[in-house]
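To start, the structure itself, in structure tokens.
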Amino acid sequence: MKKYIDEVQSRRTFAIISHPDAGKTTLTEKLLYYGGAIREAGTVKGRKNSKHALSDWMEIEKQRGISVTSSALEFEYDGYKVNILDTPGHQDFSEDTYRTLTAADSATMLIDAAKGVEAQTKKLFKVCRMRGIPIFTFINKLDRQGRDPFELMEELEELLGIRSYPMNWPIGMGQSFAGIYDRHHKKIELFNPKDPGEIEIKDVSGPDDPIIDEIIGDAGLVSQFREEIELLDVAGDAYSEESIENGTLSPIFFGSAISNFGVQTFLETFLEMAPYPTERQSSKGPIKPIETEAFSGFVFKIQANMNPAHRDRIAFLRITSGTFKRGMSVNHVRLGKPMKISQPTQFLAQNRNIVEEAYAGDIIGLFDPGTFRIGDTLVEGDDFEFAEMPHFSPEHFAAITVKEALKHKSFEKGVKQLTEEGAIQLFQTYNKVIEQQIVGVVGVLQFEVLEYRLKHEYKVDVVLDRIPFSIARWIHGNEKDMDKFKKMQRNLVTDRDGRIVALFENDYQLRTAQDKYPDLAFYENSFTKPI
Ligand code: G4P
């Protein structure tokens, strides 16, 4: 048991959430570099590919192989086993991205200092908030002129509703960037613009230490820095482990990923503070990894076409408790069937490795001949299921029809498959004279993926007629209110499990409906509680 507990406690499984271009690829590379997983930054594939035009989707898939976009990367650092979950941030942004966050125990929110909180960060943040996981913030690109750090902290609170505690603080910015003061470890890290990778670190007794005047050399900069630290000490939030743990206070780190500045300090402090694998809800109550040696896990993502030569799919499983051993026999709870896992893989930079052993917190890839669905539970021994995986509101909708009626069977099969993978959501019109299937996706690229895959994998041509909705809400309420709503409200659909979902074109329409039906709850996801 001791070895098992040590293994679990050494694991940190987290996701980096950000808006495109904030520097996620760069930061991931630097982390992998420190972990010794890659020899030099710049070797992780995916950056350029991910910026291709929409029509290049298939090329992207072909080229990227196993890259930074491959869902989970693992490396070791200072006795920790780190698993980074990838959340695709570009045009391939999809519901998948949200779902991946359900496999993380904490998140790092990466923000461009010049841009602040951007749209995609906001959406991903909401999912982390819903789960109540700790959220760390890395404010990037300090080597360039960005916004005032206080203003950025205010924005976090205003737009995201999260308080923050700066773990370190920049001295100057852009042209005048001199370094950071580590409030936590009382250290100054000096920035050398000529050789940014070369970081000089000085221990100090506190922000008033005269040594700071000496090493920074710019009296104006130092006095501004001291005023700012004083303001933080007096008016800022107090450091609270409890608030960090429940995700209401975010520790902030400043740095510059491209110049390696502040990255190592971030990594080390993050590993110290971030939680080891946490408990998950299941049909038999919470499963606590530390106390449960029996293996269990759930599928949070299915990725098709990872190897374009075969039509293979990989199901990504988050181990929630116990030890996984290659070749072990587990129960596939939904199917009520035992199965042997003989070729589990893990991902290390560009390589796939066969896993012999893995522990709670780890992510393994399972070869999937079509046996898995998002949310499936695998267990050793006792049968139970993890809480349902939520669906999130799509942002684009289209009515889908098959061009040749004779191909209907293949069409149904293909659409079912893609729905199970979580690439698309399928809805059915409700109370309409003509029944119609409606596809909902989070990122518009998924429409192209859908058409392409139906054509190439199922030999079916479809017509997608875009419908101008952009919001879906799962509706809950008592029977009487629901009946009235169902009678009066237009644009209702049912999801795959028969739940009533209302579609809206914009926020105004949504608010009008909410005002009209104050006793109904409009949920942003298929969970039975609002986020
Ligand atoms: P993403 O995965 O979040 O989309 O971002 P990515 O790492 O690809 O970075 C986006 C751009 O921001 C890149 O520039 C990258 O070099 C730059 N960048 C990342 N971190 C920093 C930083 O700390 N400071 C500055 N000044 N820039 C940073 P690009 O011109 O789009 O690409 P490249 O030609 O540099 O590869």
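Remember, it's a predicted structure, so these values are computed and weren't measured experimentally.
Two rings, from Phe14 and Phe136, have their centers 6.0 Å or more apart. Between Phe372 and His332, the ring centre distance stays below 6.0 Å.
The number of heavy atoms from other shown groups lying within 6.0 Å of CD (Glu245) does not exceed 12. Atom NZ of Lys516 has 12 or fewer heavy atoms from other residues, nucleotides or ligands within 6.0 Å. Within 6.0 Å of NZ on Lys3 lie more than 12 heavy atoms contributed by other residues, nucleotides or ligands. Counting heavy-atom neighbours within 6.0 Å of Lys407 NZ, excluding the residue itself, gives a total above 12. Taking a 6.0 Å sphere around CE of Met488, one finds it holds 12 or fewer heavy atoms contributed by other residues, nucleotides or ligands.
A salt bridge is defined here as a Lys NZ or Arg NE, NH1 or NH2 lying under 4.0 Å from an Asp or Glu carboxylate O, and Arg11 with Glu7 meets this definition. For the pair Lys413 and Glu457, the salt-bridge criterion is not met [side-chain N within less than 4.0 Å of a carboxylate O]. Comment: Asp483 does not engage Lys487 in a salt bridge, judged by the lack of any side-chain N to carboxylate O separation of less than 4.0 angstrom.
With Ser393 contributing its side chain and Glu524 its backbone, the two residues share no donor-acceptor pair below 3.5 Å. In terms of modelled atom types and a separation under 3.5 Å, the side chain of Thr419 and the main chain of Gln425 share no donor-acceptor contact. Counting only distance, with no hydrogens or angles, the side chain of Asn83 and the backbone of Ile363 share no donor-acceptor pair below 3.5 Å. The closest donor-acceptor contact from the side chain of Lys24 to the backbone of Asp21 lies at 3.5 Å or more, if one exists at all. His476 contributes no side-chain N or O that, together with a main-chain N or O of Ala521, makes up a donor-acceptor pair within less than 3.5 Å. When atom types are taken as modelled, the side chain of Ser321 and the backbone of Ala294 share a donor-acceptor pair closer than 3.5 angstrom. Checked by atom type and distance alone, the side chain of Arg496 never pairs as donor or acceptor with a backbone atom of Phe427 at under 3.5 Å. Side chain of Ser526 to main chain of His391: a donor-acceptor pair is present (N/O by atom type, distance under 3.5 Å, no hydrogens or angles). Looking only at distances, no side-chain donor or acceptor of Glu279 sits under 3.5 Å from a matching main-chain atom of Lys288. Proximity of a side-chain donor or acceptor of Asn331 to a complementary backbone N or O of Gly381 within less than 3.5 Å is detected.
For the 3.5 Å distance criterion, the side chains of Tyr359 and Glu357 qualify, holding a donor opposite an acceptor. In summary, the side chains of Asn478 and Asp519 do not present any donor paired with an acceptor at a separation below 3.5 Å, with no hydrogens or angles considered. With hydrogens and angles left out, the side-chain atoms of Trp474 and Asn525 include no donor and acceptor closer than 3.5 Å. Side-chain atoms of Ser18 and Thr121 include no donor-acceptor pair closer than 3.5 Å.
Scanning all heavy atoms of the two residues, the minimum distance from Leu520 to Gly477 falls at CD2-CA, 3.7 Å. Residues Leu378 and Phe295 share a closest heavy-atom pair of O-CE2, 3.9 Å. In plain terms, the two heavy atoms of Ile290 and Gln9 that are nearest each other are CD1-CG, 3.7 Å. What you find for Val442 and His396 is that their closest heavy atoms are O-CD2, 3.4 Å. Across every non-hydrogen atom of Val441 and Val444, the tightest pair is CG2-CA, 4.4 Å. Taking all atoms of both residues into account, the shortest heavy-atom contact from Tyr4 to Gly322 is OH-N, 2.6 Å.
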* Asked: Given the rule in the salt bridge (Lys or Arg N to Asp or Glu O under 4.0 Å) test, do Lys455 and Glu451 qualify, once you have shown the distances and angles that lead to the verdict?
  -> CA-CA 6 Å; Lys455 189 178 174 67; Glu451 266 187 293; over 6 Å; no
* Apply side-chain contact (heavy atoms from CB on, under 4.5 Å) to the pair Leu426 and Ile438, showing each step before the final yes or no. => CA-CA 6 Å; Leu426 194 66; Ile438 292 177; over 6 Å; no
* Test side-chain contact (heavy atoms from CB on, under 4.5 Å) applied to Ile16 and Thr28, step by step -> CA-CA 8 Å; Ile16 304 178; Thr28 308; 3.6 Å; yes
* Show your working on side-chain contact (heavy atoms from CB on, under 4.5 Å) between Asp105 and Ile133 and close with a plain yes or no. => CA-CA 6 Å; Asp105 297 314; Ile133 56 176; 5.8 Å; no
* Asked: Would Gln514 and Phe522 satisfy side-chain contact (heavy atoms from CB on, under 4.5 Å), going step by step from the backbone distance to the final call?
  -> CA-CA 7 Å; Gln514 282 172 317; Phe522 294 66; 3.6 Å; yes
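Residue Asp507 holds its CG atom at 7.5 Å from OG of Ser470, rounded to the nearest 0.5 Å. Between the CD1 atom in Ile374 and the CZ atom in Phe298 there is a gap of 10.5 Å [rounded to 0.5 Å]. Between the CG atom in Asp362 and the CG atom in Leu317 there is a gap of 10.5 Å [rounded to 0.5 Å]. Here the CG atom belonging to Leu124 is positioned 12.5 Å from the NZ atom belonging to Lys122, to the nearest 0.5 angstrom. Once rounded to the nearest 0.5 Å, the distance linking CD1 of Ile302 with CG of Leu366 reads 10.0 Å. Taking CD of Glu291 as the start and CD1 of Ile5 as the end, the distance is 8.5 Å to the nearest 0.5 Å.
Ring geometry for Phe411 against His408 counts as tilted: the plane angle lies between 30° and 60°, on a 0 to 90° scale.
Only one option out of Arg453, Arg373, Lys416 pairs with Glu421 in a side chain to side chain donor-acceptor pair (under 3.5 Å); it is Arg453. The one candidate from Pro134, Pro251, Ser106 that meets the side-chain contact (heavy atoms from CB on, under 4.5 Å) condition with Phe270 is Ser106.
Residues Ile475 and Phe485 are in side-chain contact: their nearest non-hydrogen atoms beyond the backbone lie under 4.5 Å apart. Using a 4.5 Å cut-off on side-chain heavy atoms (C-beta onward), Ile500 and Met482 make contact. Residues Arg131 and Thr102 form a side-chain contact, since some pair of their non-hydrogen atoms from C-beta on lies under 4.5 Å apart. Taking the side chain as every heavy atom from C-beta outward, Val460 and Glu404 never approach each other to under 4.5 Å. Within the 4.5 Å cutoff, side-chain heavy atoms of Thr137 are placed close to those of Ile111. Inter-residue side-chain proximity for Glu412 and Lys409 is flagged as unmet; no heavy-atom pair is nearer than 4.5 Å. Looking only at side-chain heavy atoms (C-beta outward), Val299 and Lys301 stay at 4.5 Å or farther from each other. Using a 4.5 Å heavy-atom cutoff, the side chains of Phe469 and Asn491 are in contact.
Scored by the side chain to side chain donor-acceptor pair (under 3.5 Å) test, Arg12 finds no partners at all (sequence neighbours excluded).
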